[in-house]
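As the structure is a computational prediction, the values presented were derived from the model and not from experiment.
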Amino acid sequence: MWDEIWENCTLVTLDPMQPTPYGLIADGAIAVRDGKIAWIGRRSDLENPEGAPCRDGEGLYLTPGFIDCHTHLVYGGDRIDEFEKRQQGISYTEIAHAGGGILSTVRATREATEQQLFEQAVKRLDRLVRGGVTTLEIKSGYGLDVENELKTLRVIRELDRKFPQDIRATFLGAHALPPEFADDRQGYVDLICTDMLPRIARENLADAVDGFCEIIGFSAREMEQIFDAAKNFGFELKLHAEQLSDCHGTALAARYKALSADHLEYVTEEAVKAMAASDMTAVLLPGAFYFLREEKKPPVHLFHKYNVPIAIATDHNPGTSPALSLPLMMNMAAILFDLTPEDCLKGVTVNAAAALGLKDRGTLSVGAKADFALWEIDHPAAFACEFGMLQCRRMVKDGREVPVHWN
């Protein structure tokens, strides 16, 4: 009846049907069949008449596999020099206007081969996986022309084929204006809509389309054109919105029923209400907030007021969030944004799944994917309390134990 059973562990189910904080089940057991959870409960209640093999959880805490729902993992080069400049008092916006920022990574990404990008991304992915990640999203956006955006998306698809983790690919062509279109904004928007998107759809290289709606990015009007084209090809929608200013991106994303709006430091109450009406998820990115020394916090109280789910992600990128640890992001979200430890755990599991449009994971419940991470902790609040120490001890993906790291 069952393929195998995991027992002798404390289950952190995050299932709202469980009456305990965190959905805890002490001395629990999980039965797996065909890569999904077939039974879950206390070990003393488990009956195993057919003698399915049992795996010893070693007394560890077992959580759903973590989901990093916002990363920029594939790129060339680094931006350490810009960090030095910011430490000397030059702002991120000033660096971007001077040809740095995203465009410096664009140059390095264009110069890198597909194999070089793959090999660099593998090293980053390995570090994410050590932090319990079984599903993640990777965005393009450092190519900014047809050839290099397709190159980046092919690397993302190859990572998904080569490693156990589920990897969702998001096209972020509207990340910055490339230098060859510096005097022709509409020309670049047209290139995205009439050339890039059809090619990406035809080659099945992306699951969603995103954009950077910001004063140094793209306007809501420009994103509207891109979203119209993306919807015609059946892509899911996401949006970087209200990170540095209120450019009305969140309201636009809500109107198009996007999966999420991400960053959200400057989002208004009306826009949060629109998110709630469209069943969107708020993706908070504390690594970027911390690294850029931002002062205006996202309005967590409004997300709670209107029942907008809150996800947390690394936003791994070379310029504003060179972070590769979801446990560290949980600590930052708790300290910087005043989230509870349970909110933080939901932010990298069930709510992160919602931000990717995935309904089959994020909790330990019957019917969910058998994606687990096992941890040597004393309480689930440790994820938000401790930082710089937590690494996954064991990992199960689709019901099968897989390596926690390979590099």
CZ/F181: more than 12 non-hydrogen atoms of other groups inside 6.0 Å
yes
Determine, for E7 against R55, whether the closest basic-nitrogen to carboxylate-oxygen distance falls under 4.0 angstrom.
no
Taking every non-hydrogen atom, the tightest pair across P298 and F337:
CD-CE2, 3.4 Å
For D15 and T363, does a side-chain donor sit closer than 3.5 Å to a side-chain acceptor?
no
Counting only heavy atoms not in K273, do more than 12 fall under 6.0 Å of its NZ?
no
Can the ring centroids of F66 and F383 be said to lie less than 6.0 angstrom from one another?
yes
Using distance alone, with no hydrogens and no angle criterion, decide if N317 and T320 have a side-chain donor and acceptor under 3.5 Å apart.
yes
Assess the side chains of H70 and D262: does a donor N or O sit below 3.5 Å from an acceptor N or O?
yes
Go through the side-chain N and O atoms of R86 and S91 and say whether any donor and acceptor fall under 3.5 Å apart.
no
Using a distance-only test with no angle check, is there a side-chain donor-acceptor pair under 3.5 angstrom linking E214 and S245?
yes
Decide whether T135 and Q165 meet the rule of one side-chain donor and one side-chain acceptor closer than 3.5 Å.
no
Please determine if R394 and E58 form a salt bridge, counting it only when a charged side-chain N lies under 4.0 Å from a carboxylate O.
yes
Identify whether the distance between the nearest side-chain nitrogen and carboxylate oxygen of R110 and D145 falls below 4.0 Å.
yes
In plain terms, say whether E137 and K139 are close enough for a salt bridge, that is, a side-chain N and a carboxylate O under 4.0 Å apart.
yes
Is there a side chain to side chain contact (heavy atoms under 4.5 Å, CB included) between T250 and V272 once you walk through the steps?
CA-CA 8 Å; T250 303; V272 174; over 6 Å; no
Are any of the side-chain nitrogens in R393 or E376 under 4.0 Å away from the carboxylate oxygens of its partner?
yes
Between K369 and D34, does at least one N-O distance fall below 4.0 Å, as a salt bridge requires?
no
Does the pair E158/K162 count as a salt bridge with the N-to-O cut at 4.0 Å?
yes
Between E50 and R33, does any side-chain N to carboxylate O distance fall below 4.0 Å?
no
Does Y290 have more than 12 heavy atoms from other residues, nucleotides or ligands lying within 6.0 Å of its OH?
no
Salt bridge flag under 4.0 Å for residues R255 and E224
yes
Other residues, nucleotides, ligands: >12 heavy atoms within 6.0 Å of D378 CG
no
I'd like to know whether CD of E47 has more than 12 heavy-atom contacts from other residues, nucleotides or ligands below 6.0 angstrom.
no
Quick check: does any side chain N or O of T109 sit under 3.5 Å from a backbone N or O of T105, one acting as donor and the other as acceptor?
yes
Electrostatic pair K151-E147, nearest N-O below 4.0 angstrom
no
Indicate whether the side chain of S140 and that of E149 have a donor and an acceptor atom separated by less than 3.5 Å.
yes
Is a donor from one side chain sitting under 3.5 angstrom from an acceptor on the other, for E111 and Q116?
no
Could you go through I5 and I30, starting from their C-alpha distance and side-chain angles, then the distance that decides it, and tell me whether this counts as side chain to side chain contact (heavy atoms under 4.5 Å, CB included)?
CA-CA 6 Å; I5 294 166; I30 295 179; over 6 Å; no
Are H316 and Y75 close enough that a side-chain donor and a side-chain acceptor fall under 3.5 Å?
yes
L336 versus K297: any side-chain heavy-atom pair under 4.5 Å?
no
Would Y188 and E222 count as having a side-chain donor-acceptor pair, cut-off 3.5 Å?
no
For the residue pair H379 and Y22, is the inter-centroid distance of their aromatic rings smaller than 6.0 Å?
yes
Neighbour count above 12 (heavy atom, 6.0 Å) for R161 CZ
yes
Under a 4.0 Å threshold between the charged nitrogen and the carboxylate oxygen, would K397 count as salt-bridged to D166?
yes
